[in-house]
Amino acid sequence: MIKLHDLQFVPFIAENEIIATIDRMSDRLNKDLSDKNPLFVGVLNGAFMFVSEILKRFDFDCEVSFIKLASYQGTETTHQVKELVGLDQDVSGRTVVVLEDIVDTGNTITVLSKLLRDLGCDEIRIATLFFKPEAYTKKVKIDYFGFEIPNKFIVGYGLDYNGLGRNLTDVYQLKSSDMTNLVLFGPPGAGKGTQAEVLKQKYDLVHISTGDVFRYNIKNATELGILAKSFIDKGQLVPDEVTINMLNAEVDKNPDAKGFIFDGFPRTTAQADSLQELLTSKGAEVSAMIALEVDDEVLVQRLLERGKTSGRPDDADEGVIRNRIKVYYDETAILKSYYLKQNKYFGVDGVGGIDDITKRLSQVIDDL
Ligand code: AMP
């Protein structure tokens with residue numbers, strides 16, 4: 001076992017296995033590209049070791065270049081612009097082989113493929129040493145991969161954890177934690193907040209309600225609060241980037257937590273992806289999404305009733321309430337299939353007494 005910064009890692013793939021796999025990949029590259037004079041493009045920083053091994057084994061004319069994908073903020077807070085840096089060759093009409101250390105969600109190779117196509121490449125092939133099929137959400141074809149690995153956080157052989165571990169010649173995976181992380185799901189007014197309060201005591205979990213954190217910031221007129229208010233008042237979602245950064249900061253405030261109840265998060269696929277990434281980096285995962293199912297008209301009545309005492313402006317106006325429910329079905333309900341696919345979705349009847357509903361939820365949690 002090794003320790004990097006605050007985390008422990010255990011051996012996963014030994015160097016000799018990696019070398020045997022690179023030998024096999026190289027045989028195919030030699031066969032496929034002998035007359036193409038390919039340009040190998042290594043994606044920094046993680047791919048440097050892999051690139052060097054591939055190049056040593058390529059027997060025909062070829063060139064090599066290294067690039068980085070830099071991202072910077074556009075003029076709008078939600079707008080991320082990606083730019084390719086370091087490519088000084090003319091790639092028009094050429095066969096380019098992108099060499100990646102790892103393909104995870106596929107965001108990087110998707111952006112990269114588009115940028116290279118725009119520069120006029122004749123053909124783009126993707127070769128990656130590690131590939132995580134469970135995390136991959138994109139359509140770009142992976143032409144060559146070395147290892148298919150589960151969705152675990154790995155270091156070594158070029159890959160790092162916060163800068164450390166790139167020099168390890170074996171690959172290590174994060175020692176998995178036994179955290180319980182629940183996503184409490186359901187439309188506004190389903191009773192997520194009420195149940196979260198009970199469950200956090202019962203299971204000793206940290207409850208994070210993104211709605212509560214936003215309201216706290218609004219009350220204290222922080223920069224985040226001022227930004228979020230305009231969206232919340234209309235019943236719309238706050239932009240992903242703002243919400244994700246806030247959630248990550250809340251999780252980081254509780255390094256010793258036995259687990260979390262996420263209430264009101266994730267609400268979009270991008271948020272779900274980022275939660276997965278955050279928990280994976282801690283050796284943990286979402287244990288379950290538990291959804292409280294309640295009929296729309298019951299929700300509207302509950303929220304109007306709550307609005308009489310909650311002081312929440314978004315509970316006082318039936319139009320805003322209906323918009324929040326609509327936003328839930330338009331933008332958020334797709335997450336059901338996201339977690340169904342991972343066998344992590346559990347629907348629970350959210351109508352009845354508070355204790356009865358707690359019992360139904362506990363049954364799901366106890367069976368995890
Ligand atoms: P809630 O208390 O969960 O009903 O959230 C109240 C409001 O806060 C929502 O209508 C959104 O405007 C905003 N909000 C809360 N959580 C999120 C999230 N995960 N993503 C975007 N907006 C959110």
Side-chain angles (χ1 to χ4, degrees), residues 76-80 181-197 199-200 206-251 260-279 286 289-294 296 298-336 338-339 350:
E76 286 174 42
T77 44
T78 51
H79 195 213
Q80 275 239 337
N181 294 302
L182 306 174
V183 172
L184 210 48
F185 196 59
K192 300 188 291 289
T194 309
Q195 291 298 330
E197 280 306 310
L199 295 175
K200 81 169 190 195
V206 174
H207 172 209
I208 300 179
S209 154
T210 41
D212 284 351
V213 181
F214 281 132
R215 283 185 286 278
Y216 176 84
N217 278 279
I218 291 172
K219 203 168 124 207
N220 291 286
T222 65
E223 205 180 315
L224 173 67
I226 292 162
L227 175 66
K229 190 174 184 324
S230 56
F231 296 96
I232 293 179
D233 283 350
K234 286 182 242 146
Q236 295 167 351
L237 295 186
V238 177
D240 277 339
E241 208 176 306
V242 177
T243 311
I244 288 168
N245 287 339
M246 181 186 87
L247 190 277
N248 289 359
E250 290 298 313
V251 169
F260 293 90
I261 299 176
F262 298 103
D263 162 8
F265 189 96
R267 269 175 152 102
T268 63
T269 307
Q271 292 180 13
D273 284 343
S274 96
L275 182 61
Q276 184 154 316
E277 211 173 294
L278 176 71
L279 293 176
V286 169
M289 163 183 268
I290 312 183
L292 288 167
E293 293 163 349
V294 181
D296 284 3
V298 177
L299 295 172
V300 175
Q301 288 320 312
R302 276 191 192 174
L303 289 172
L304 283 171
E305 199 53 39
R306 181 169 86 182
K308 289 180 189 161
T309 51
S310 71
R312 280 179 59 168
D314 61 347
D315 282 349
D317 178 322
E318 187 169 335
V320 173
I321 289 175
R322 289 200 184 271
N323 191 45
R324 285 159 62 202
I325 296 173
K326 181 176 176 324
V327 167
Y328 173 78
Y329 286 109
D330 289 351
E331 299 181 38
T332 308
I334 46 161
L335 290 178
K336 177 174 174 178
Y338 185 100
Y339 288 102

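Along the sequence shown, the residues carry numbers beginning at 1. Each ligand, and each atom within it, is numbered from 1 in the order the structure gives.
At a threshold of 4.0 Å, the pair K326-D296 does not count as salt-bridged, since none of the basic side-chain nitrogens sits closer than that to a carboxylate oxygen.
For atom 13 (C) of ligand 1, the nearest protein heavy atom (residue, atom name, distance) is I232 CG1, 3.8 Å. Residue, atom and distance of the protein heavy atom nearest to atom 22 (N) of ligand 1 are V238 N, 3.0 Å. Here the heavy atom of the protein found nearest to atom 23 (C) of ligand 1 is F214 CE1, 3.7 Å.
The side-chain hydrogen bond (donor to acceptor under 3.5 Å, both in side chains) search around K234 returns none, not counting sequence neighbours.
Of all the heavy atoms of T243, the ones lying under 4.0 Å from any atom of ligand 1 belong exclusively to the side chain. When non-hydrogen atoms are compared, ligand 1 lies under 4.0 Å from the backbone of Q236 (N, CA, C, O) but not from its side chain.
For ligand 1, the atoms sitting less than 4.0 Å from at least one non-hydrogen atom of T210 are 15 (C), 16 (N), 17 (C), 19 (N), numbered in the order shown with element in parentheses. Listed by number with element, the atoms of ligand 1 under 4.0 angstrom from any heavy atom of R215 are 2 (O), 6 (C). Within ligand 1, counting atoms from 1 as listed, the ones closer than 4.0 Å to a heavy atom of R324 are 4 (O). Under a 4.0 Å criterion applied to the non-hydrogen atoms of G264, ligand 1 contributes the atoms 16 (N), 17 (C), 18 (C), 19 (N). Against a heavy-atom cut-off of under 4.0 Å, Q271 is close to the following atoms of ligand 1: 18 (C), 19 (N), 20 (N), 21 (C).
The closest side-chain heavy-atom distance from E318 to R322 is below 4.5 Å.
By the 6.0 Å contact criterion, OH on Y216 is open, its count of non-hydrogen atoms from other residues, nucleotides or ligands being 12 or less.
F265 and F262 have tilted rings, their planes meeting at an angle from 30° to 60° on a 0 to 90° scale.
By the 3.5 Å distance cut-off applied to N or O atoms, D212 is not counted among the residues near ligand 1.
Judged by distance alone, with hydrogens and angles left aside, the side-chain atoms of N181 form a donor-acceptor pair with the main-chain N or O of F260 at under 3.5 Å.
Of all non-hydrogen atoms in P187 and K192, the two that sit nearest each other are O-NZ, 3.2 Å. Between A272 and Y339, the shortest heavy-atom contact is CB-OH, 3.9 Å.
Atom 17 (C) of ligand 1 has its nearest heavy-atom neighbour, among R267, K234, K229, in R267.
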Between side-chain atoms of residues 221-230 and protein atoms elsewhere (two or more places apart, or another chain), which donor-acceptor pairs fall under 3.5 Å?
residue, atom, partner, partner atom, Å
T222, OG1, N217, O, 3.4
T222, OG1, N217, OD1, 2.8
T222, OG1, L224, N, 3.4
T222, OG1, G225, N, 3.0
K229, NZ, D233, OD2, 2.5
S230, OG, L227, O, 3.2

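Look at R312 and you'll find a heavy atom under 4.0 Å from some atom of ligand 1.
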